[in-house]
Amino acid sequence: MYRTLIPTVIAFLSLSACSGDVEEVDSYDPARDYFTFANTGQFVTDHLALDLNVDFEAQELRGFAMLSMRRLDSAATELVLDTRDLTIASVAVLENGSSASAEYRFGETHETLGTPLHIAMPEGAGERFELMIEYNTSPQSTALQWLPPELTAGGKHPLMFSQSQAVHARSWVPLQDTPAIRITYEATVRTPESLLAVMSANNDPLTPRTGEYHFDMPQPIPSYLLAISVGNLYFAPLGEDTGIYTEPELLDASVYEFADTQAMLEQAEAMYGPYDWGRYDLLVLPPSFPYGGMENPRLSFITPSLLAGERSLVSVIAHELAHSWSGNLVTNATWRDGWLNEGMTSYIESRLMEVIYDVKRVDEERVLMYRELLLDLESVPEQMQALAPRLDDTTSEDFQGTIHYSKGQLFLEYLEDAFGREVFDEFLTSYFKEFAFGTITTEQFLDYLDLNLLSQEGSPVTREQAEQWTYQPGLPEGVSIPQSENLDAAAAMAQAWAEDKVGLDEIPFADYSPQAKIHFINSMPADLDFEKLAALDAGLGLSDTRNAEVGRTWFIQVATRRYTDAYEQMEVHLNRFGRSRLIAPVYGALATNGEDLDLAREMFARARGAYHPLTAAWIEAGLARAED
Ligand code: BES
Ligand code: ZN
């Protein structure tokens, strides 16, 4: 799930390997963001003003970025910004009403970090100044996907969207691309007249469609939350402060599926304090959106694969909404502290789902989450299993899988169990208040936890125990293992059916939630003959399911077991969805089943044109690994 960090981590390693650190001196600084070139100790950005033309033909954004900056170090004469695949036309320093062009040069390009832009600061440039950069993006921008009409729901208009997290904002805006810096922003965006632009800012549902749109984002945000989309988008309200933007073809289905969004928002406020961002809307994108959702402030970007028709996948909405507190309000200081964004959000997501739906449903989701975590722990190397791993040259080809999410969630559930729900809710509410619109490292979190809970008399948890979660591999003792009677029953049923103790018609599938179906499929013994798989598929319509997660689970099994009767439908699945979670593991299973690596390549070649470049790159990396 945290796949963007795979290449990021690897690239970081090569960076640190060549940095020439003095031997035996431990220069690793957990509070430093190793994924930016920006010299944020010397200059910081407070505000960004964008003026952009959206050119679908050239597949580029073109215009100006004006950065309002402060100089922290009076001796600094060079300012470094992050860029990637940007063309810079000019750079000027504006100060006290006068403008002077500045000298600039690109540094060496790094595969993951992009290209540093070095700007010479004229001597005597004051404490506050503006930097005006004229630039354009390239069609290769890793943040932007330019979709031709055929890859949209309507098929008549092109659509463009951004995905900035973790290190891609720099491929559409030259800036200090690090969560350590927060900026407010404003933007003027010019588009083809019939299209609408939306951003992670103050979208007005009543905006006239003129082809020129203005945005303000008065709350300071880290750069990875900068977001834009342009397309044939329309709005429908969900509740008083909530609504949906999407193509008209998906509007009704989205309104039905996400009807509980307003209730989720109100519940989150009741639990963790005020929602500080104004409106909360959803943007439902075309299938190529690489994630389930992205928590762009005021406007979460959402995969259309959640449109199952029965609201069974809306925990993703609860998740993105929850980021309004954990992540957007209180932000991980560096990507190493990502568990403070994702783990805490997964925890809050579950808490919201318990209230809006019921605890049984959430326990089912917890069991599935736990199973995925155990699987990941089998393959993630030990030094990457800590919540806050030390990213150094012992970690080679590693990634974290679901550790930040699931182990993070389990840690917070452990604390909740230990201190009681009421005390822990109070703790979290005060945590959000204390660190609002700021960033936090794992160490600062531990100190705050220590001060408010661990050091209290009679505390059931010691600092040492907490640190075991954050710094040690595996799962500490005392973790409470998620349980669900419904899923236990489904697993037992799968076993009994496999052993011919019950017939297919005796299994109460009609009563099964999608989560129970998923667990049933995952619980089938390895040596099942194809006749049984065929009967199951025919009886349940698994190959034709509308539920993307059920399909994901089924086709992973189809590929792993080489159940070739369903390969045609498997390819339909691989072409229908673009969210990497839904397809990458299916390619992975196919590529590693001992027979079908070539077939996986062929299917990928046929489908890749519709995929997001990041998704395509992850699948490709998976296929390359399978070859070894
Ligand atoms: N912020 C993440 C998506 C992300 C993570 C983008 C890392 C880039 C780098 C988002 O909130 C998320 O976690 N999405 C999940 C949702 C799920 C856990 C409910 C997803 O897309 O699967
Ligand atoms: Zn998340």
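Both ligands and their constituent atoms are indexed starting at 1 by order of listing.
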Checking ring-ring contact (aromatic ring centres under 6.0 Å, His included) for the pair F161/F289: CA distance, chi angles, key distance, verdict? CA-CA 8 Å; F161 66 84; F289 184 62; 5.5 Å; yes

I'd like to know if R421 pairs up with E354 as an ion pair, taking the criterion as any Lys NZ or Arg NE/NH1/NH2 lying under 4.0 Å from an Asp or Glu carboxylate oxygen. yes

Are the charged groups of D363 and K360 less than 4.0 angstrom apart, N to O? no

For the Zn ion (ligand 2), the closest N/O/S atom belonging to [X]:
X: H319; answer: NE2
X: E342; answer: OE1
X: H323; answer: NE2

Side-chain heavy atoms of T184 within contact of Q219, under 4.5 Å: no

Examine the side chains of N547 and S312 and answer whether a donor and an acceptor come within less than 3.5 Å of each other. yes

Any nitrogen or oxygen of [X] lying under 3.5 Å from a nitrogen or oxygen in ligand 1? Just yes or no.
X: H319; result: yes
X: S315; result: no
X: V316; result: no
X: E342; result: yes
X: E320; result: yes

Would you mind listing which atoms of ligand 1 come within a distance below 4.0 Å of any non-hydrogen atom of [X]?
X: Y405; result: 2 (C), 5 (C), 12 (C), 13 (O), 18 (C)
X: G292; result: 20 (C), 21 (O), 22 (O)
X: Q163; result: 6 (C), 8 (C)
X: H323; result: 11 (O)

Measure the spacing between CD1 of I440 and OG of S326 and express it to the nearest 0.5 Å. 12.0 Å

Starting at CG of L412, measure out to CG of L340 and round the result to the nearest 0.5 Å. 8.5 Å

So for E295 against ligand 1, with non-hydrogen atoms under 4.0 Å, the contacting part is side chain

Here's one to test your reading of the geometry: is the NZ or CZ of R311 within 45 degrees of the ring axis of Y256 and under 6.0 Å from its centre? yes

Metal site the Zn ion (ligand 2): N/O/S of E320 inside 2.8 Å: no

For the ring-ring contact (aromatic ring centres under 6.0 Å, His included) test, which of W469, Y347, Y405 pairs with F411? W469

